[in-house]
Amino acid sequence: MSQEALAEKAGISPNTVSRIEGGLTEMYVETFRKLAHALNADAGDLLCREGQPDSGDRHAKSILRRMGRMEKEEQEVVAQTVHALADALEKNRKK
């Protein structure tokens with residue numbers, strides 16, 4: 001599927017698809033949800049790497065589903081909270 005076709009199906013701009021694919025920008029959870037829907041793919045499956053254990057995958061899927069129902073501002077709060085928690089856990093692990 002071309003970037004243009006994916007963008008049209010997802011309801012986002014082709015430039016956005018190009019920048020995401022090229023690793024030039026990060027995307028909002030809502031954009032990710034739209035792309036997963038356009039690809040007829042499960043968001044959790046798109047995040048899971050092949051050959052890696054999927055322990056905790058159900059937690060990630062659950063969080064993504066819940067975030068997909070949130071407003072963008074709420075998604076930002078959740079993302080910032082998760083990042084802060086992960087940073088704190090990593091810092092404590094190093095002690």
Side-chain angles (χ1 to χ4, degrees):
M1 178 182 304
S2 70
Q3 289 180 348
E4 292 79 13
L6 177 59
E8 183 176 338
K9 195 169 181 181
I12 59 177
S13 76
N15 186 47
T16 298
V17 173
S18 176
R19 292 178 56 77
I20 291 168
E21 187 176 37
L24 301 174
T25 189
E26 294 180 6
M27 68 179 117
Y28 287 105
V29 172
E30 181 62 19
T31 303
F32 180 75
R33 186 195 64 76
K34 288 178 180 181
L35 289 169
H37 181 71
L39 294 167
N40 197 29
D42 180 81
D45 291 341
L46 291 175
L47 293 173
C48 188
R49 295 183 183 150
E50 276 188 50
Q52 299 226 347
D54 63 347
S55 63
D57 187 48
R58 71 183 192 293
H59 297 299
K61 286 180 180 181
S62 174
I63 290 169
L64 284 173
R65 277 193 301 273
R66 293 178 72 182
M67 287 181 73
R69 295 188 298 264
M70 296 176 184
E71 299 293 327
K72 286 186 181 185
E73 294 81 16
E74 295 169 326
Q75 292 174 2
E76 284 296 320
V77 170
V78 171
Q80 290 171 2
T81 302
V82 170
H83 283 292
L85 179 58
D87 290 346
L89 291 170
E90 288 173 357
K91 184 178 178 181
N92 285 334
R93 189 180 323 125
K94 292 178 184 178
K95 288 183 179 181

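No experiment lies behind these values; they were computed from the predicted model shown. Position 1 is the first residue of the sequence; numbering continues from there.
- Residues satisfying the side-chain contact (heavy atoms from CB on, under 4.5 Å) test with Ser2, not counting sequence neighbours, are Glu4, Ala5.
- Under the 4.5 Å side-chain contact rule for hydrophobic residues, Phe32 and Leu39 share a cluster.
- Hydrophobic cluster membership is shared by Leu35 and Met1, with clusters built from Ile, Leu, Val, Met, Phe, Trp and Tyr side chains linked at under 4.5 angstrom.
- By the 6.0 Å contact criterion, CG on Asn40 is open, its count of non-hydrogen atoms from other residues, nucleotides or ligands being 12 or less.
- Partners of Glu21 by side chain to side chain donor-acceptor pair (under 3.5 Å), not counting sequence neighbours, listed by chain and number: Gln3.
- Within the structure, the salt bridge (charged side-chain N to carboxylate O under 4.0 Å, His left out) test picks out no pair touching residues 7-17 (sequence neighbours left out).
- Annotation: the span from Thr81 atom OG1 to His83 atom NE2 amounts to 10.0 Å, rounded to 0.5 Å.
- Side-chain contact between Asn15 and Arg19 is present, with at least one heavy-atom pair separated by less than 4.5 Å.
- Apart from Leu89 itself, the hydrophobic cluster it occupies contains Leu85, where clustering links Ile, Leu, Val, Met, Phe, Trp and Tyr at side-chain heavy-atom distances under 4.5 Å.
- Take Ala36 and apply the side-chain contact (heavy atoms from CB on, under 4.5 Å) test, not counting sequence neighbours, and it matches Ala43, Leu46.
- Legend: salt bridge (charged side-chain N to carboxylate O under 4.0 Å, His left out) pairs involving residues 23-32, not counting sequence neighbours, sorted by first then second residue: Glu30-Arg33.
- Ser13 is linked by a side chain to side chain donor-acceptor pair (under 3.5 Å) to Thr16, counting only residues two or more places apart in sequence or in another chain.
- Think of Tyr28 as one node in a network of Ile, Leu, Val, Met, Phe, Trp and Tyr side chains linked at under 4.5 Å; it has no links at all.
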Compile the donor-acceptor pairs under 3.5 Å between side chains in residues 68-75 and protein atoms, sequence neighbours left out, one pair per line.
| unit_1 | atom_1 | unit_2 | atom_2 | d |
| --- | --- | --- | --- | --- |
| Glu74 | OE1 | Glu71 | N | 2.8 |
| Gln75 | NE2 | Met67 | O | 3.0 |
| Gln75 | NE2 | Met70 | O | 3.3 |

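- Under the 4.5 Å side-chain heavy-atom criterion for grouping Ile, Leu, Val, Met, Phe, Trp and Tyr, Val29 is connected to Ile63 within one hydrophobic cluster.
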